[in-house]
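Working notes for the structure below.
Both ligands and their constituent atoms are indexed starting at 1 by order of listing.
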Amino acid sequence: MALLLFSAGGLLLRAEGSALDTLGITGNLLIGQPAEQVFAAHPEAQRTIRRAFTGEAAAARVTMAGGSWLLRAHPIRAGEQLQGVVVVAAALPQDEPARDERNRMLSEAAFEGMVVHQDGRIVAVNDALTVLFGWDADALLGKPLRMLFSRPVDAAAVDAAPCETVGQRKDGRQFPLEIRSRNLSFQGRPAAAWSVWDISRRKQAQTALEETEVRYKAIFEGANDIIFTIDLKGNITSVNQSGERLLGYSRVEALTMGVDEIIVAEHLDRALSMLRSGLETGQLPVSEIEVLAKGGGRLTLEMSGSLLAADGQPIGLLGVARDVTERKRLERELAESESRYKLAAQAANDGLFDWDMVRGRVYYSPRWKSLLGYDDKSIGDAPDEWVQRIHEEDRPDFLVELDAHVSGRTEQFEFEHRVCHRDGQYRWMLSRGVAVRDDGGKVVRLVGSQTDVTDRKEAEARLIHDAFHDALTRLPNRNMFLDRLRRALGRARRHKRLFAVLFLDLDRFKVANDGLGHSVGDQLLMEISDRLRTCLRPEDTLARFGGDEFTLLLEDLSGPQDAIRVAERIQEALLRPFRVAGHEIVTSASIGITHCTTEYDDPEAIMRDADTAMYRAKALGKARYAVFDQRMHSHAVERLQIEHDLRRSLDERGFELFYQPVVSLRSMQITGFEALLRWKHPERGYVSPAEFIPIVEENGLILPLGQFVLLEACRQAAIWQTRFRDAAGLTVSVNLSPKQFEQTNLVQSLASILQETGMVPGTLRLEITESHLMAYAESVSQLLNELKQLRCKLQIDDFGTGYSSLAYLHRFPFDALKIDRSFVDRLDKEEQANEIVRSIVRLAHGLRMPVIAEGVETAEQLRDIRALGCDYGQGYLFSRPVPAEAATELLANPPVW
Ligand code: C2E
Ligand code: CA
Ligand code: CA
């Protein structure tokens with residue numbers, strides 16, 4: 001069963017129930033969509049719901065998602081006003097339930113446990129019982145029977161009838177079971193054989209059913225209308241709280257009554273024949289019936305209903321009744337006498353009007369005038385006092401509706417419109433009226449009321465706004481974006497216009513969010529969305545699609561270049577650091593661009609391609625954009641291939657370590673190596689880890705691979721340390737992935753590697769990337785200390801690319817700092833880079849950390865880093881990463897730099 005709740009404005013507010021998946025209404029994608037959209041492919045369902053919005057309950061049988069459904073749509077009202085519509089969709093029974101039931105019984109029977117007992121002790125059990133309870137047969141024989149149950153079972157009761165109780169397994173777990181008993185004789189004396197079934201699944205199904213019932217009940221009880229059911233004989237079988245309240249009978253009283261005791265005598269015949277025809281046709285036409293409330297009062301109910309059926313057989317009627325007594329009374333009074341009408345007018349909260357169609361004069365009640373902020377004297381009796389105050393957008397429809405009623409095409413005049421208040425603001429009013437005709441059928445008067453519905457209108461507008469906007473940034477949300485995209489697609493198709501979608505994902509947002517706290521993350525998102533706004537034209541749509549994803553819809557482009565310019569503008573705008581809560585945060589975004597041609601059928605395909613392009617931009621190194629092209633589809637396939645090859649290489653020792661020397665800038669001697677992983681790809685040769693580390697981090701292969709690197713690097717270090725006399729202090733650095741921190745036995749296995757290989761203690765250096773450190777700051781501290789206990793040295797890698805300050809690093813026990821290659825690269829190009837490196841070195845030395853400069857490629861860079869006070873250097877100038885034999889050669893015959 002599924003329950004769908006629509007707002008008075010027709011938008012889907014909530015959807016719940018186990019059947020949503022099967023109905024095809026999954027996820028929150030459809031929340032906020034109009035009913036027409038929710039049931040896009042089902043005109044029958046749309047019709048049914050439309051009827052409910054006109055105030056009538058309606059039902060239809062609909063074939064959807066391969067099943068047959070009964071949809072019932074009920075209007076919900078508060079007083080006179082429609083608040084919304086509830087749709088209950090119930091699957092119509094097919095053969096499946098019966099088959100399920102059989103399967104369940106068969107499977108329960110297959111696991112029928114059997115225990116024979118005598119004088120309270122177990123004397124025999126079958127295999128199924130040992131499986132059910134987890135005990136071996138030997139452990140049970142001779143033991144007291146009660147050990148199988150969590151509470152004592154009354155044997156006499158089981159004898160008399162099958163009963164349900166709770167079993168207890170060997171592992172202590174409890175489960176519901178059913179027992180049936182049979183008497184037999186064992187070794188000449190009476191004994192009992194108990195059959196035992198595990199009924200957990202049956203129970204679960206029952207609970208699920210009960211939960212559905214609870215929800216259904218909430219709606220049933222919450223409705224303002226009376227909802228009731230009667231059986232075929234006309235006995236009341238259920239009634240909701242509104243029924244109790246309005247009729248005054250308690251539920252218990254009502255359930256002993258027949259409808260004939262409630263309906264007033266004059267209406268009884270008509271009502272009964274209506275019910276009978278309802279049973280035949282399955283539908284109760286809407287009709288008004290007078291009933292007797294407890295204590296003798298009379299109520300007029302407007303009733304509708306539909307057939308209740310179980311397994312295809314009618315079992316009664318479901319009725320919805322609305323108390324219209326008050327309306328009836330007012331109508332009568334209005335029609336009866338003018339003086340009483342005036343009295344009613346003063347009492348009622350609504351403003352009243354009486355439009356004399358013959359003389360073209362309107363009587364507006366004082367309340368009518370005060371709703372608009374005027375006293376009784378300030379408004380005359382001309383129709384224009386009203387019509388001219390109506391908002392000009394609403395006025396034409398107002399007049400159309402009015403004419404429709406006066407000319408007899410509608411039963412009632414009813415229209416919501418804005419009217420200008422004395423304070424100059426517009427208020428929403430609901431105007432209703434009925435024409436009074438003379439004997440010839442000509443309309444002489446129109447009498448009715450006007451209610452201020454501004455509050456409800458605003459609440460509705462807020463509801464709609466919230467459904468379509470992100471609460472944090474106030475930007476349109478995913479729903480709204482997809483909606484606009486859908487419309488843009490339609491427009492583009494009609495007018496052959498070019499538009500584009502940009503999918504923007506912040507790079508390393510998680511680092512800032514986890515490292516600096518979520519409130520900083522939230523503020524950052526707000527600042528970013530403000531800055532993004534400045535890059536757009538007013539007609540562009542910027543939405544927060546989710547988490548750290550933003551999407552942009554750019555319409556009416558003159559060419560593909562336009563979208564690219566926007567992407568470039570955005571990237572430029574993000575270059576300036578953000579200041580949030582005292583932190584200076586540098587961020588960037590990867591942007592995927594799709595140009596939307598008319599080849600696209602649906603927004604989802606566009607989003608998928610923009611997303612693919614965004615991933616491409618990420619893979620190319622982030623902080624850039626990529627334009628979608630058809631080849632990117634094959635990228636995903638390629639990736640699968642890579643994963644497959646990686647797994648195979650792991651079995652076949654398809655990996656190798658390269659070594660890159662680390663050179664002391666004082667002695668210009670090699671003091672160590674950094675171990676860098678290479679994948680020996682069968683066709684592509686040596687592949688850089690930059691390409692496959694992200695993949696193995698994601699699929700878990702990083703753990704065995706990381707293990708291999710550690711073992712291999714330590715083994716090689718030990719070889720060098722024994723082979724070369726001056727190399728006892730030679731260091732080897734190994735890169736650690738954050739995923740390895742989560743490995744529970746990292747410290748332990750590293751300890752045994754160090755022992756096994758015999759590497760000189762204190763010469764292994766572990767490198768941890770700065771941004772990883774930020775992301776895992778909370779959990780990593782203790783682990784780092786444990787690694788230090790093993791006398792491993794810790795180095796912070798790629799420094800300058802994350803967000804950390806040196807003061808923050810002070811909390812961690814680091815021994816050295818590696819300045820990221822990008823700074824060294826900029827040294828001879830930008831003066832600013834010099835300044836940055838100088839201050840990093842100064843601060844690191846203050847914390848007693850030597851500094852290693854990475855990526856030294858030119859003699860000028862070498863000169864600069866020496867001048868700036870770096871302690872070590874590493875880079876192509878000294879040597880590229882090389883295989884172990886070549887590294888050995890570097891140690892045997894050190895080059896002169
Ligand atoms: P990294 O730790 O920053 O390693 C330095 C990278 O810079 C290496 O790339 C190296 O070949 C390159 N490089 C060294 N000198 C120069 C130079 O003068 N100019 C330029 N342009 N590049 C230079 P590689 O070997 O491709 O490694 C890339 C990244 O992969 C490493 O960055 C590291 O983060 C990761 N990685 C490498 N091996 C392992 C490993 O065994 N385990 C883990 N978890 N990550 C690894
Ligand atoms: Ca490194
Ligand atoms: Ca590095």
Side-chain angles (χ1 to χ4, degrees), residues 621 646 649-650 654-663 672-681 684-717 731-743 746 750 753 764-773 776 793-802 814 816-828 851-862 864-865 870 872-884 886-887 897:
L646 276 169
S649 298
L650 203 61
F655 292 92
E656 192 178 320
L657 286 190
F658 273 31
Y659 297 89
Q660 185 177 38
V662 179
V663 176
F673 289 97
E674 175 172 6
L676 293 159
L677 188 57
R678 293 291 177 268
W679 176 23
K680 289 183 285 183
H681 192 274
R684 297 165 52 198
Y686 288 112
V687 178
S688 155
E691 204 173 312
F692 63 85
I693 291 279
I695 301 179
V696 292
E697 280 184 336
E698 207 168 283
N699 66 16
L701 284 179
I702 187 68
L703 295 185
L705 209 51
Q707 200 67 13
F708 160 78
V709 174
L710 279 169
L711 180 61
E712 184 59 26
C714 294
R715 212 181 47 76
Q716 184 61 53
T731 62
V732 167
S733 340
V734 170
N735 293 288
L736 273 194
S737 149
K739 286 275 145 44
Q740 288 173 277
F741 298 160
E742 292 163 18
Q743 188 186 350
L746 177 67
L750 189 57
I753 287 176
L764 177 63
R765 304 181 148 251
L766 299 173
E767 297 193 357
I768 295 155
T769 310
E770 183 201 359
S771 52
H772 290 156
L773 187 73
Y776 290 79
K793 294 276 190 303
L794 303 177
Q795 290 181 175
I796 186 149
D797 204 354
D798 299 346
F799 188 81
T801 57
F814 280 104
L817 178 155
K818 297 184 86 170
I819 295 188
D820 191 61
R821 188 163 83 225
S822 55
F823 293 102
V824 176
D825 188 42
R826 281 153 50 198
L827 274 182
D828 39 6
V851 174
I852 305 152
E854 292 188 303
V856 184
E857 292 181 350
T858 65
E860 288 74 33
Q861 288 168 349
L862 174 60
D864 288 346
I865 58 165
C870 294
Y872 299 90
Q874 194 184 332
Y876 293 172
L877 176 69
F878 304 112
S879 164
R880 289 187 173 253
V882 291
W897 289 300

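Between Lys818 and Glu854 a salt bridge is recorded (basic side-chain N to carboxylate O distance below 4.0 Å).
A search for side-chain hydrogen bond (donor to acceptor under 3.5 Å, both in side chains) contacts involving Ser688 returns nothing, not counting sequence neighbours.
When only interatomic distances are considered, the shortest N/O to N/O separation between Gly875 and ligand 1 does not fall below 3.5 Å. Taking any N or O of Asp797, backbone or side chain, at least one lies under 3.5 Å from an N or O belonging to ligand 1. Residue Ser688 has at least one N or O atom closer than 3.5 Å to an N or O atom of ligand 1.
The option with the heavy atom closest to atom 43 (C) of ligand 1, from among Asp798, Val856, Asn735, is Asn735. Evaluated by nearest non-hydrogen atom to atom 16 (C) of ligand 1, the leading choice among Tyr876, Phe692, Phe878 is Tyr876.
How far CD of Glu697 is from NZ of Lys739: 5.5 Å, rounded to the nearest 0.5 Å.
Which parts of ligand 1 touch Glu854 is read off a 4.0 Å heavy-atom cut-off, strictly below it: atoms 3 (O). Those atoms of ligand 1 with a heavy atom of Glu857 less than 4.0 angstrom away are 17 (C), 18 (O), 19 (N), 20 (C), 21 (N). Set against the non-hydrogen atoms of Gln660, the atoms of ligand 1 under 4.0 Å away are 14 (C), 15 (N). Against a heavy-atom cut-off of under 4.0 Å, Gly855 is close to the following atoms of ligand 1: 16 (C), 17 (C), 18 (O).
Among the atoms of Asp797, an N, O or S atom falls under 3.0 Å from the Ca ion (ligand 2). For Glu767, the nearest N, O or S atom to the Ca ion (ligand 2) falls under 3.0 Å.
Under the 4.5 Å side-chain criterion, counting only non-hydrogen atoms from C-beta, Leu646 is in contact with Phe655. A 4.5 Å side-chain heavy-atom check between Phe692 and Leu677 finds at least one atom pair inside the cut-off. A heavy-atom distance below 4.5 Å is found between the side chains of Ile768 and Phe741. Contact check for Thr769 versus Asn735: no side-chain heavy atoms found under the 4.5 Å cut-off.
Taking the six-membered ring for Trp and thresholds of 30 and 60 degrees, Phe878 and Trp897 have ring planes more than 60 degrees apart, a perpendicular arrangement. Aromatic ring orientation, Tyr659 versus Phe673: perpendicular (interplanar angle above 60°, classes split at 30° and 60°).
Under 4.0 Å from ligand 1, the heavy atoms of Val709 that appear belong solely to its side chain. Neither the backbone nor the side chain of Lys818 has any atom closer than 4.0 Å to an atom of ligand 1 (non-hydrogen atoms only). Residue Arg821 touches ligand 1 through its side chain alone, judged by heavy-atom distances below 4.0 Å. In Ile693, the part holding a heavy atom less than 4.0 Å from any atom of ligand 1 is the side chain.
Taking the ring axis of Tyr686 as reference, the NZ or CZ atom of Arg678 does not stay both within 45° of it and closer than 6.0 Å to the ring centre.
Judged purely by distance below 3.5 Å, without hydrogens or angles, the side chains of Glu674 and Gln660 never pair a donor atom with an acceptor atom.
Taking a 4.0 Å cut-off on heavy atoms, Pro881 registers as neighbouring ligand 1. In this structure, Arg880 has no heavy atom closer than 4.0 Å to ligand 1. Residue Glu674 places a heavy atom less than 4.0 Å from ligand 1.
Shortest non-hydrogen contact noted between Ile796 and Phe814 is N-CD2, 3.7 Å.
The Ca ion (ligand 2) is the vertex of the angle joining OD1 of Asn735 and OE2 of Glu674, which measures 90° to the nearest 10°.
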